[in-house]
Amino acid sequence: IMVYIVDFELRKPTQRYKELVEKIKQYPSYASLGEYAYLVETNASAIEIRNNLKEYIDGNDMLFVGKISAPAAWKGCSDGVTQWIKSKLK
């Protein structure tokens with residue numbers, strides 16, 4: 001199981017934002033880093049995650065999926081997200 005960051009930018013946020021976020025939340029474990037970035041824990045590869053989400057991304061939008069591991073540093077995340085990160089990144 002790996003932890004990935006999923007970062008996206010929709011040029012028109014109303015496009016398919018809600019559907020994209022709902023799809024991200026289908027992963028077994030996730031944490032929101034903000035409006036357009038999530039951490040997900042899954043057995044899938046970065047390419048599989050991208051392929052799973054790309055139907056919600058138009059040609060002028062951006063989607064990035066990358067592996068995250070310890071050590072990591074952050075500031076300003078909620079207590080819940082901080083605990084999620086600490087428990088997943090070892």
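For clarity, every value in this text was computed on a predicted model and none was experimentally measured.
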Run the side-chain contact (heavy atoms from CB on, under 4.5 Å) check on Cys77 and Leu33 step by step: do they pass? CA-CA 7 Å; Cys77 293; Leu33 294 177; 4.2 Å; yes
Given Leu10 and Asp58, is the side-chain contact (heavy atoms from CB on, under 4.5 Å) satisfied, shown in steps? CA-CA 8 Å; Leu10 304 180; Asp58 290 337; over 6 Å; no
Before you tell me yes or no, could you show the steps for Tyr30 and Leu39 under side-chain contact (heavy atoms from CB on, under 4.5 Å), namely the whole-Å CA-CA distance, both residues' side-chain angles and the distance that decides it to 0.1 Å? CA-CA 5 Å; Tyr30 67 88; Leu39 296 175; over 6 Å; no
Walk me through whether Val3 and Trp84 qualify under side-chain contact (heavy atoms from CB on, under 4.5 Å). CA-CA 11 Å; Val3 176; Trp84 190 95; 4.0 Å; yes
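Asp61 contributes a side-chain N or O that, together with a main-chain N or O of Arg11, makes up a donor-acceptor pair within less than 3.5 Å.
Note that the CZ atom of Arg16 and the NZ atom of Lys23 stand 10.5 Å from one another [nearest 0.5 Å].
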Show me the donor-acceptor pairs, under 3.5 Å and distance only, between side chains in residues 44-55 and residues at least two apart or in other chains.
{"residue": "Ser45", "atom": "OG", "partner": "Ile47", "partner atom": "N", "Å": "3.4"}
{"residue": "Ser45", "atom": "OG", "partner": "Glu48", "partner atom": "N", "Å": "3.0"}
{"residue": "Ser45", "atom": "OG", "partner": "Glu48", "partner atom": "OE1", "Å": "3.4"}
{"residue": "Glu48", "atom": "OE1", "partner": "Ser45", "partner atom": "N", "Å": "2.7"}
{"residue": "Asn51", "atom": "ND2", "partner": "Ile47", "partner atom": "O", "Å": "3.4"}
{"residue": "Asn52", "atom": "ND2", "partner": "Tyr27", "partner atom": "OH", "Å": "2.9"}

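Counting only heavy atoms from C-beta outward, the side chains of Pro28 and Glu41 never approach each other to under 4.5 Å. Residues Tyr56 and Leu63 form no side-chain contact, since every pair of their non-hydrogen atoms from C-beta on lies 4.5 Å or further apart. The shortest distance between side-chain heavy atoms of Tyr4 and Ile68 does not fall below 4.5 Å. Tyr38 is listed as a side-chain neighbour of Lys25, based on a closest heavy-atom distance under 4.5 Å.
Within the structure, side chain to side chain donor-acceptor pair (under 3.5 Å) contacts touching residues 67-81 (residues at least two apart or in different chains) are Trp74-Thr82.
Between Tyr17 and Tyr36, the ring-plane angle classifies as perpendicular under the 30° and 60° cut-offs.
Ile5 and Met62 fall within a single hydrophobic cluster, where Ile, Leu, Val, Met, Phe, Trp and Tyr are joined by side-chain heavy atoms under 4.5 Å apart, directly or via other members. Note on Ile24 and Ile57: same hydrophobic cluster, where clusters join Ile, Leu, Val, Met, Phe, Trp and Tyr whose side-chain heavy atoms are under 4.5 Å apart, directly or indirectly.
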